[in-house]
Asker: 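Input: one structure, supplied below.
Quantities reported herein were computed from a predicted structural model and do not represent experimental measurements. Chain A is the first sequence line, chain B the second, and so forth, proteins listed ahead of strands; every chain is numbered from 1.
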There are 2 protein chains.
Amino acid sequence: MQKPSIPRGTRDFGPLQMAKRNYIFNTIREVYEQYGFAQLETPTMENLSVLTGKYGDEGDQLLFKVLNSGDFLSKTQAQDYSAGSKTMLTKISEKGLRYDLTVPFARYVVMHRNEISFPFKRYQIQPVWRADRPQRGRYREFYQCDADVVGTNSLLCEAEIIAMINEVFNGLKLSDFTIKLNNRKILVGITEVIGAEGKEADFCVAIDKLDKIGLDKVNEELIQRGFSQESIKLLKPVFEFEGTINDKLAFLKDYFSASETGLQGVKETEEILSHLQSYELEDNHLELDLTLARGLSYYTGTIFEVKANGVQIGSITGGGRYDNLTGVFGLKDISGVGISFGVDRIYDVLEELDLYPESTATQVQVMIVNFGEEMMNKGIALLQGLRKEGIRAEMYPDTAKMKKQMSYANNLNIPFVVLIGEDEIATGNYTLKNMIDGEQAAYKINDLISKIKNSR
Amino acid sequence: MQKPSIPRGTRDFGPLQMAKRNYIFNTIREVYEQYGFAQLETPTMENLSVLTGKYGDEGDQLLFKVLNSGDFLSKTQAQDYSAGSKTMLTKISEKGLRYDLTVPFARYVVMHRNEISFPFKRYQIQPVWRADRPQRGRYREFYQCDADVVGTNSLLCEAEIIAMINEVFNGLKLSDFTIKLNNRKILVGITEVIGAEGKEADFCVAIDKLDKIGLDKVNEELIQRGFSQESIKLLKPVFEFEGTINDKLAFLKDYFSASETGLQGVKETEEILSHLQSYELEDNHLELDLTLARGLSYYTGTIFEVKANGVQIGSITGGGRYDNLTGVFGLKDISGVGISFGVDRIYDVLEELDLYPESTATQVQVMIVNFGEEMMNKGIALLQGLRKEGIRAEMYPDTAKMKKQMSYANNLNIPFVVLIGEDEIATGNYTLKNMIDGEQAAYKINDLISKIKNSR
């Protein structure tokens, strides 16, 4: 008999994990909807023509490809086989699994551009697949939780996204987090000031590693990438400057006297901050991090990342503004800004900080003990009465020993158990047992309902 | 420039469709949870060793197979290529896409049998994939919405499932539906009585077509499948009997005088009906349909299907009891009963009968008109005030012409628009425009909030 297993890098989510995951998904979803984002779902499989070439060579390697149905070799010849996997692939596979939510979104916008009222605000919560080597915290199937606005340059959108980040993490009761903010135009400005114009890609790649390898190593890498000693010297004050956001912006205004792009980045940041004041957030958790670069090359304006302070884990949320998401599918000049919550990491953070509410540990609120056929119909009537009140209730289906029924309730973390025996039927009272403190008392139906409801 | 498309038989779900689909999903989910079912999610990809051979030869053909990552030809030789697709498949693909939710559930139960407290009540709402030829109403990717209880023979579970069906369709405001009920033991009993013992598989296949081809053709098919003229004659009273459920059960008790299995099926049905009385459903929508067979061979007890009356569409829900779901993975004697709501068909039924609530047409409840930079921060403050009250609100992000902003609100079905101009700031009143009746009036903030809330 085969012993079943699941593919490497994939996971089953049992009831307890699902309750915690749904708590995170629902919190994010509610904020997205409150802010006017509408949900979109795209197919799991996309045509490879849509996916290929959008994620770099490495990304193409990491796409899961789906075999054509039927006799998949029918379009091949022996010489295709001899030519190897790359040639064969084009003849035996036309579809692949979604690699992220961004490219399918761009495809959707282009295909539906005549029905969409721009600015288009959509959110999407779906799994994606990457044939990466599985390791701790890295899976081959994982969910993304994206929201994007496309079709407007308005910096109100950036402010809205920062407000949403605050609302989501406040909603999740995570209080110690930092939103690191920067702007690609500021990074371009820096390369201009230090005499390395046009080298912002190299610059971003190098400073992206600052956290990991430190300033000296970053400077070494910059030199290797062709930056001059003079550039490194001019860069020094940027890295060394400390102060509030306003201090940093004042410093940059001076620093960028010769860079219009840099000044534009400062102006955008100021406008976002000005909008944010009207949101009256108690603490906006913002930090202007001039070394924040973010890898993805398509960002062109504001970029941001969220760190859970005190937890050893990478960024738990990220995003930014891009100017040409749909260009690759032929629709030019659609600017947008997006955000992506990293649900798997947020899950781990809440676990480590023990921030899940009690409610995620309890699915069924009350179980009715099964005392045998004669009592069953009484039990069903009570069951329906409880459910009508919005209480999640079940009756143990078999007339099993009391101990077995109680241990079932215990294992499922069911907080209350109701006993209906002959006494109960005679008196019209039900015995309610609190499974947490062991307390047991008799109640009329209405008091029973209040007791269960109030314990939530 | 490539014109993007999506694979045949797959769909994008835009905001409006998602709102309607979520309405259905949430209704089902709430009932499942109210009845004590806990959510499970399994990976999209399963090992082919888990999937293959579980759905018959045709099913194996319809599995979407995923190419091994990297150089997928590395384990092949030229003679494998010459041997054809079947041989090649085993060397280049180890994973496939989930074909239903039942086999992954069985796999999960077997893998986690030591952690699970039986009876295990789980629900699962996830997409499945079948490489079927796409046609109207048949897709290559579609959602299933299953709930199963495993590890108990209790007929309370059948009663609970029938009650859930009632609650779901009542919740969806679908009033004209019929739950067709039968029992595989009744069908076995019939074959025994008509002298065709052991031929219940043939019997089920033939009578399954009764709706489509009529009694004469079914009889012809039975003859072809080796049933005698005498059998057909003995079968006649079963097909011809009309009456209430109780009439039918009384008829069967007599008919099954020589079939213990048949009598057992009658007894089970009576017990389920007796439980159901305690649920006090206004109308349980039940019909005992002695010709209901359901194709899947693994059913062993009660079977049921739901029909939306007056709509030309197949069954919208189905399920039944099985005795050996996990046997194929080495875990014997796990009896269970399950139900599956057909969301795509339910979607079409609600559409045809125009049963979606207004709320599914409206995502954003109010839009604040953007009158320019100076008014923006006033607008943001109002925006946040509305959102704190649970109202889904947005501000148009750009200072566009009034007409453009209004047409955006119209296209998105936003029922209210707020205007904040200089007048409004001077008086402290906001102008609220009802986009449906065109009515426009000035309100203090609290009245504005009530007005919007009460319109829901």
Asker: Can you list the residues of residues 379-387 of chain B that sit under 4.5 Å from chain A, counting heavy atoms only?
Answerer: B/Ile380, B/Ala381, B/Leu383, B/Gln384, B/Arg387
Asker: What part of A/Met45 lies closer than 4.5 angstrom to a heavy atom of chain B: side chain, backbone, both or neither?
Answerer: both
Asker: Measure distances from A/Glu30 to the heavy atoms of chain B and classify the residue's part below 4.5 Å as side chain, backbone, both or neither.
Answerer: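 Neither part, no heavy atoms under 4.5 Å.
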Asker: Using side chain to side chain contact (heavy atoms under 4.5 Å, CB included), reason through A/Tyr143 and A/Ile125 one step at a time and then give a plain yes or no.
Answerer: CA-CA 7 Å; A/Tyr143 270 76; A/Ile125 301 181; 4.1 Å; yes
Asker: Given a strict heavy-atom distance threshold of 4.5 Å, which part of A/Ala19 is in contact with chain B: side chain, backbone, both, or neither?
Answerer: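 Neither part, no heavy atoms under 4.5 Å.
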Asker: Is it the backbone or the side chain of A/Tyr32 that comes under 4.5 Å from a heavy atom of chain B, or both, or neither?
Answerer: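 It is neither, since no heavy atom gets under 4.5 Å.
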Asker: Between A/Leu16 and chain B, which part of the residue has a heavy atom less than 4.5 Å away: side chain, backbone, both or neither?
Answerer: neither
Asker: Looking at every non-hydrogen atom in both residues, tell me the closest pair between A/Met367 and A/Tyr408 and how far apart they are.
Answerer: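 The pair with the smallest heavy-atom distance is SD-CD2, 3.6 Å.
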Asker: Quick one: which of B/Gln77, B/His112, B/Gln61, B/Gln17 has the most heavy-atom pairs under 4.5 Å with chain A, could you say?
Answerer: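 Maximum pair count with chain A is reached by B/Gln77.
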Asker: Let me know if A/Lys65 has heavy atoms under 4.5 Å from chain B in its side chain, its backbone, both or neither.
Answerer: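 Both parts, heavy atoms under 4.5 Å.
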Asker: Name all residues meeting the side-chain contact (heavy atoms from CB on, under 4.5 Å) criterion together with B/Ser69; count only those two or more places apart in sequence or in a different chain, and write none if there are none.
Answerer: A/Phe64, A/Ala131, A/Arg140
Asker: Using a cut-off of under 4.5 Å on heavy-atom pairs, state which of A/Thr76, A/Asn22, A/Val364, A/Val110 scores highest against chain B.
Answerer: A/Thr76
